[in-house]
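Some notes on the structure that comes next.
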Amino acid sequence: PLSNQLSPEKIDTSKPAIGGVGTAVNPTPKTEWSFNRTLSNSIRKNILKFLDAERDISILKGTLKPGDVIHYIFDRQSTVNVSESLYRLLPAVSPMKDRHFQRCAIVGNSGILLNSSCGRQIDGHDFVIRCNLAPVEEFAGDVGRRTSLVTMNPSVVQRAFQDLSSAAWRERFLQRLRALQGGVLWIPAFMAKGGEERVAWAVRLILQHALRVRTAFPSLRLLHAVRGYWLTNKVLIKRPTTGLLMYTMATRFCEEIHLYGFWPFPRDARGNPIKYHYYDTLTYEYTSRSSPHTMPLEFSTLRDLHSRGALRLHTGACH
Ligand code: CTP
């Protein structure tokens with residue numbers, strides 16, 4: 001049964017919320033980790049009852065047409081029209097069709113990655129997932145370079161690329177996409193209102209420059225399905241983070257899943273300060289006020305799955 005998958009009683013929700021400066025959090029247990037194939041298979045099977053990531057990773061051409069009206073998932077009152085350009089970037093078949101990997105890395109954006117020297121290890125996986133177009137070149141030693149799939153929340157266009165407002169910012173954005181070398185760019189365009197123009201600018205640039213990226217736009221049912229899976233397992237998340245979405249989807253394509261850069265706490269286990277992101281100056285204070293996420297709860301869930309061998313959470317330095 002599903003309830004055997006996760007043991008919610010082991011999930012310690014008393015962990016400090018984001019912003020609990022000064023409180024040390026236990027790292028992942030130091031004991032030898034070994035992969036639990038049986039548990040991992042059973043999690044995959046159960047997630048499949050809620051979503052099929054091969055399908056739900058993207059809306060396909062033909063399932064809608066230019067001019068169609070879409071209600072945002074989180075802002076049902078607001079709508080957006082499917083533009084001609086966005087339609088052109090919808091894949092005809094799933095970018096993950098028939099793709100299966102032995103070992104995948106999902107790289108979160110926590111500052112815990114700084115000075116980790118995990119770059120080479122991360123790049124050694126068969127498929128590397130990154131979040132929100134996080135930069136890699138300048139941090140390659142700690143985070144690696146390879147990107148097989150990267151997400152792009154529309155807000156990132158503003159936060160990390162200054163709304164593409166100058167030629168220099170547009171070039172930076174293009175550089176980041178070129179570095180994907182044909183990888184998947186996953187754009188949750190229809191989740192929350194407010195990003196319409198940003199998606200439109202990004203889409204226009206991709207088309208104008210005929211960039212070699214495989215764009216994907218998550219299905220309209222993905223979010224609720226992912227949330228449904230975790231709620232059914234008594235993990236009471238408000239809105240899954242990109243990182244948890246990626247883990248949930250990756251179970252479909254990956255045998256062993258390794259997580260790096262997941263650490264939603266302002267201090268490491270020794271009490272040293274940890275940046276919210278490895279690459280910018282966003283703070284925990286900022287995110288705790290504006291974020292609908294429940295990251296510490298997600299983290300304790302992932303840590304529980306780590307301790308049972310379903311996934312591997314890397315929170316220390318790599319050697
Ligand atoms: N993450 C983490 N600890 C941090 C920062 C991020 O565990 N200190 C994980 C989260 O799972 C997060 C992912 O890394 O979803 C990517 O980070 P980020 O780009 O910050 O995602 P958010 O913008 O916070 O989340 P979302 O995109 O869902 O709003």
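For the numbers below, each heavy atom of this structure counts, side chains included, while hydrogens, waters and symmetry mates do not. Ligands are counted one by one from 1 in listed order, and the atoms in each one are counted from 1 as well.
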request  = Quick one: look at R239 and ligand 1, take heavy-atom pairs under 4.0 Å, and tell me if it's side chain, backbone, both or neither.
outcome  =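 The answer is neither.
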ask   = What do we get for F265 next to ligand 1 when only non-hydrogen atoms under 4.0 Å count, side chain, backbone, both or neither?
value =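 F265 to ligand 1: no contact under 4.0 Å from either part.
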message = When you compare ligand 1 with Y279, is there at least one nitrogen or oxygen pair between them that comes in under 3.5 angstrom?
response =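 So ligand 1 has no N or O lying under 3.5 Å from an N or O of Y279.
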query = Counting both backbone and side chain atoms, is some N or O of T242 under 3.5 Å from an N or O of ligand 1?
reply =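 There is such a contact, yes.
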Numbered atoms of ligand 1 (with element) below 4.0 Å of [X], judged on heavy atoms:
{"X": "G108", "value": "14 (O)"}
{"X": "N109", "value": "6 (C), 14 (O), 16 (C), 17 (O), 18 (P), 19 (O)"}
{"X": "N153", "value": "26 (P), 27 (O), 29 (O)"}
{"X": "H277", "value": "18 (P), 19 (O), 20 (O)"}
{"X": "C131", "value": "16 (C)"}

Identity of the nearest option to [atom], non-hydrogen atoms only, from [options]:
{"atom": "atom 4 (C) of ligand 1", "options": "S110, P188, P240", "result": "S110"}
{"atom": "atom 22 (P) of ligand 1", "options": "V107, N132, T151, T241", "result": "N132"}
{"atom": "atom 5 (C) of ligand 1", "options": "Y276, Y278, F299, Y247", "result": "Y276"}

May I ask you to decide whether [X] forms a salt bridge with [Y], counting only side-chain N to carboxylate O separations under 4.0 Å?
{"X": "K45", "Y": "D52", "answer": "no"}
{"X": "E255", "Y": "R37", "answer": "yes"}
{"X": "D68", "Y": "K65", "answer": "yes"}
{"X": "E137", "Y": "R145", "answer": "yes"}

query = With a distance cut-off below 6.0 Å to the six-membered ring centre and an angular limit of 45° from the axis, does K61 pair with Y87 as a cation-pi contact?
reply =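 That pair qualifies as a cation-pi contact.
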ask   = Does NZ or CZ of R170 lie under 6.0 Å from the centre of the six-membered ring of F161, at an angle within 45° of the ring axis?
value =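 The answer is no, since R170 fails at least one limit relative to F161.
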task = Please determine, by modelled atom types, if Y260 and Q121 share a side-chain donor-acceptor pair under 3.5 angstrom.
result =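 Note: Y260 and Q121 side chains meet the donor-acceptor criterion.
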Single-linkage hydrophobic cluster L133~F262, side-chain heavy atoms < 4.5 angstrom =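 Yes, L133 connects to F262 through the hydrophobic network.
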request  = Consider ligand 1: state whether an atom of it lies below 4.0 angstrom from any non-hydrogen atom of R159.
outcome  =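 It does, in that a heavy atom of R159 comes within the 4.0 Å cut-off of ligand 1.
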query = Quick one: CE on M246 to SG on C131, what's the gap to the nearest 0.5 Å?
reply =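 Interatomic distance, M246 CE to C131 SG, rounded to 0.5 Å: 6.5 Å.
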